[in-house]
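Presented below is the structure to which this report refers.
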Amino acid sequence: MRQSIAFVYTLRDVPADAEVVSHRLLARAGYIQKLAAGVYSYTPSMARVLQKVSNIVREEMNRQGAQECVMPIIQPKEIWEESGRWERYQKGGQLFTLVDHKGSEMCLVPTAEEAFTTMVKRAVTSYRQLPLNLYQLHTKFRDEIRPRFGLMRGREFIMKDAYSFDIDDEGMRAAYAKMRIAYQRIFERCGLKYTIVQADAGAIGGSATEEFMVNADTGEDTILVSEDGSYAANVEKAESLIPAGEAGGEAKPMHLEHTPGDKSVDQLSKRFNLAPSRMIKTILFRAVFAESEETVAVLMRGDLDVNEVKVANAVGAIAVDLADDARVRAATGAEPGFAGPVDMKAGVKVLADISCKPMTNFLCGANKSDYHLLDVNFGRDLPVPDYKELRRARAGDMCIDAKRGKLIETRGIEVGHIFQLGTKYSSAMGARFADEEGKERPFVMGCYGIGVSRVAAAAVEQNHDKDGIVWPAPIAPWQVHVVCVNSGDLLMKQAGDQCESALEGAGIEVLYDDRANVSPGVKFKDSDLIGLPIRVVAGRDVKDGIVEVRTRRTGEAAKVKIADVVAEVRKRLE
RNA sequence: CGGGGUGUAGCUCAGAUGGCUAGAGCGGAGCGUUUGGGACGCUCAGGCCGCAGGUUCAAGUCCUGUCACCCCGACCA
């Protein structure tokens, strides 16, 4: 492709709204343009990158026996009501909905469990037709509460989504294992360094689920990894071992203490010279359900933090968030900062983290402004609560298997997520088949997503330098950038043309900067920015039949005869 | 949705206390000089100052509303 006629351009200035490096570089190098918040146009060069990623995905999916489909992007409300997700997604504010001319409600799909389940249930009636794994590469829509970071969190994005249909759990696990292998191969082939982590299933549902995280400091997800690397989990899911708290001793009588203004564990620790692990903090949440809301009080040992995802799962809520002051007052009858589990108002669900279980003679809020209770004991002063694992694991905690060492915190970009769904959708939607005994059974499903456009952004996030993008060769829009230093110089022009045709003849994709009247400096800057793996420069040495071949990542360059360009480029692409 | 902020040329931005015939740099067009790291000179084009009201002799500037976008927080491939 010749740059003199290609729609390839670069920007000198960084668009004001570009914050993360992938967004800045993709915009400056002419790969993407923003059309609306979280909505991007892909230029020809970006389309090539997306094609590369898509093809890798396709090959590895097909290799595992999955079959490609194309599903509607606009879907009727009905199937979403069948699965029960219309309400949930709308409540989350993430569903793009529209109404057609006759008043029917539709949505732009955020994911396609319903459509695939419907398609399969209409056509598959017997176990003999199973297993199946169907997928598509298509645009998805989520009206993100806050789109940001360019392609990283768009409202419209390209996703590969796959759905497996099996006879039983064993089949589902086998399908899951295959997808896990496919994903490993895909991300390796894309040249990404990644970590597989245990994850929370969120709105998709299901049991075992893992995320594929591209390692990047700018990632939005926090990951905890054991020192030996064998345990890795999203912080939403992570578990850990913690030192026992300070012992409280034999039960003493409970008493009220005046604690004016002391709302924090720190302040109380100082006032009573009491270790935070001797206190229980009571954190109030608003739990959102499909048709209602509830106040939930979570009891947590004073030196530990609450994991909100675990709270939501424990109560079966769509989401939980910190209660606002009004809700706190309604639940406790006191100002925020003095909430406690003793005599909590009716209607407030009380949960306790398991770390609270051994505690005796602890300190907690009194549900009375400026007062706390000391020497409180479960069973005597308040009912024994429902104990759950609600604690947020932290860096420095011991891995649940202590032999693996302590947990280290890193960050990642979620590019893939695989789920063992079970029969959540098939049961809800009446998707059944006849088994060997002729009995009707729901499909046992799995679902598997890869953010294709996000993979491209993550690749840039992980592969760039001060001058621009450094594409991993397998997903670069072209393999080689041939740069003619001065297209007005006949010899240079001829050498450039020769390199272009020799490389293309060898099946190597070439972007050829043949622009006239563009200074060499500009061409080199643009070339660095665009970031193709190999650069071939037709410059001052062409009079001797020599061009320069340079590797973008290392900057290492060699002078080679024009006749040897193909061989040199091939060597470097390996 | 809550909190903060910004809308002026294709892009990045400047335009105190209202006086504008609206600017700069970059980018673009033309001519010429350049040609191994965003080169130089001359000339030129380019603006419903986000939108709608209002105040005023006078509004890019003040007021009201509205829309869009960005940042910080709760959601996800």
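Values below: all heavy atoms of this structure, side chains included; hydrogens, waters and symmetry mates excluded.
If you check every strand for non-hydrogen atoms under 4.0 Å, Pro15(A) touches sugar and phosphate atoms only. Among the heavy atoms of the strands, none lies under 4.0 Å from Lys160(A). Residue contacts for Val452(A): at a heavy-atom cut-off of 4.0 Å it reaches no nucleic acid atom on any strand shown. As judged by a 4.0 angstrom heavy-atom cut-off over every strand, Val537(A) is placed among the base-contacting residues. At a threshold of 4.0 angstrom between heavy atoms, the contacts of Arg28(A) include nucleobase atoms, whether or not backbone atoms are also involved. Within 4.0 Å of Gly154(A), counting heavy atoms only, lies at least one base atom of the nucleic acid. Residue-level contact check: Asp324(A) touches neither bases nor backbone, having no heavy atom under 4.0 Å from any strand.
By the 30° and 60° cut-offs, the orientation of the rings of Tyr176(A) relative to Tyr448(A) is tilted.
Residues Gly539(A) and Val415(A) both approach RNA chain B. Their nearest nucleotides, taken by heavy-atom distance, put Gly539(A) toward the 5′ side. Position along RNA chain B of the nearest nucleotide to Ile158(A) versus Ser487(A) favours Ser487(A) as the more 5'-ward residue.
To the nearest whole angstrom, the two C1' atoms, one in A68(B) and one in G27(B), are 25 Å apart. Separation of the C1' atoms belonging to G18(B) and C57(B) is 12 Å when rounded to the nearest angstrom. On the C1' atoms, A14(B) is 10 Å away from G25(B), given to the nearest whole Å. Rounded to whole Å, the C1' atom of U56(B) lies 12 Å from the corresponding atom of C63(B). Taking the P atoms as reference points, U8(B) lies 16 Å from A16(B), given to the whole Å. For the C1' atoms, the distance from A24(B) to G15(B) is 10 Å, rounded to whole Å. Taking the C1' atoms as reference points, G46(B) lies 9 Å from G28(B), given to the whole Å. Spacing between A52(B) and C67(B) at atom P, rounded to whole Å, works out to 15 Å.
Pair check for G73(B) finds C1(B); Watson-Crick or G-U wobble, both atom distances under 3.5 Å. Base pairing of C20(B) is not made with any nucleotide, judged by Watson-Crick or G-U wobble geometry with both donor-acceptor distances under 3.5 Å. Across all strands shown, G38(B) has no partner, as no Watson-Crick or G-U wobble contact with both distances under 3.5 Å is found. Both distances falling under 3.5 Å, in either a Watson-Crick or a G-U wobble arrangement, occur for no nucleotide opposite G60(B). Of all nucleotides present, only C44(B) satisfies the Watson-Crick or G-U wobble test against G28(B), with each distance under 3.5 Å. A 3.5 Å limit on both hydrogen-bonding distances identifies C67(B) as the Watson-Crick or G-U partner of G7(B).
As rounded to whole Å, 16 Å separates atom P of G10(B) from atom CZ of Phe7(A). Summarising the geometry, the separation between OH on Tyr9(A) and P on C11(B) is reported as 11 Å, rounded to the nearest angstrom. Computed from coordinates, the Phe149(A) CZ to G73(B) C1' distance equals 12 Å when rounded to whole Å. Rounded to whole angstrom, the span from the CG atom of Leu529(A) across to the P atom of G37(B) amounts to 18 Å. Regarding Glu144(A), its CD atom lies at a distance of 14 Å from the C1' atom of C1(B), rounded to whole Å. Atom pair Arg142(A):CZ and A74(B):P shows a separation of 19 Å (rounding to whole Å applied). One atom, CG of Asp541(A), and another, P of G36(B), lie 11 Å apart when rounded to the nearest Å. Between Ile145(A) atom CD1 and A74(B) atom P there is a gap of 10 Å when expressed in whole angstrom units.
Ion pairing between Lys263(A) and Glu335(A) fails under the 4.0 Å rule for side-chain N and carboxylate O. Using a 4.0 Å cut-off between charged side-chain N and carboxylate O, Arg535(A) and Asp528(A) make a salt bridge. With respect to Asp143(A) and Arg155(A), a salt bridge is recorded, a charged nitrogen being found less than 4.0 Å from a carboxylate O. Here Arg185(A) does not pair with Glu188(A) in a salt bridge; the nearest charged N to carboxylate O distance is not below 4.0 Å.
The aromatic ring of Phe157(A) is stacked on the base of A77(B), with the two ring centres less than 5.5 Å apart and the planes inclined by under 30°.
Taking every side-chain heavy atom of Glu308(A) into account, A74(B) is the closest of A74(B), C71(B), G36(B). For Asp13(A), taking side-chain heavy atoms from C-beta onward, the closest of the listed nucleotides U34(B), G36(B), C11(B) is C11(B). Among G37(B), C76(B), G27(B), the nucleotide with an atom closest to any side-chain atom of Arg12(A) is G27(B). Closest to the side chain of Arg454(A), out of C76(B), G36(B), C72(B), is C76(B). Considering only side-chain atoms of Phe419(A), the nucleotide from C75(B), G36(B), A77(B) that sits closest is A77(B).
Contact annotation: Arg148(A) does not reach the phosphate of C70(B) (side-chain N/O to OP1 or OP2, under 4.0 Å). Neither OP1 nor OP2 of G36(B) sits under 4.0 Å from any side-chain N or O of Arg550(A). Between Lys34(A) and C70(B) there is a side-chain polar atom (N or O) within less than 4.0 angstrom of OP1 or OP2.
For the residue pair Glu461(A) / Ser22(A), a side-chain donor-acceptor distance below 3.5 Å is found, with atom types taken as modelled. For the 3.5 Å distance criterion, the side chains of Glu236(A) and Asn307(A) fail to qualify, holding no donor opposite an acceptor.
C20(B) adopts a syn glycosidic conformation, its chi angle falling within 90° of 0.
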Tyr512(A)/Ser4(A) under side-chain contact (heavy atoms from CB on, under 4.5 Å): CA gap, chis, key distance, verdict: CA-CA 8 Å; Tyr512(A) 176 26; Ser4(A) 57; over 6 Å; no
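Under 3.5 Å, the side chain of Arg535(A) and the base of G37(B) form at least one donor-acceptor pair of N or O atoms. The base of G38(B) lies close enough to the side chain of Asp526(A) for a donor and an acceptor atom to sit less than 3.5 Å apart. In the interface, the side chain of Arg153(A) is paired with the base of C76(B) through a donor and an acceptor atom under 3.5 Å apart.
The aromatic ring centres of Tyr42(A) and Tyr40(A) sit 6.0 Å or more apart.
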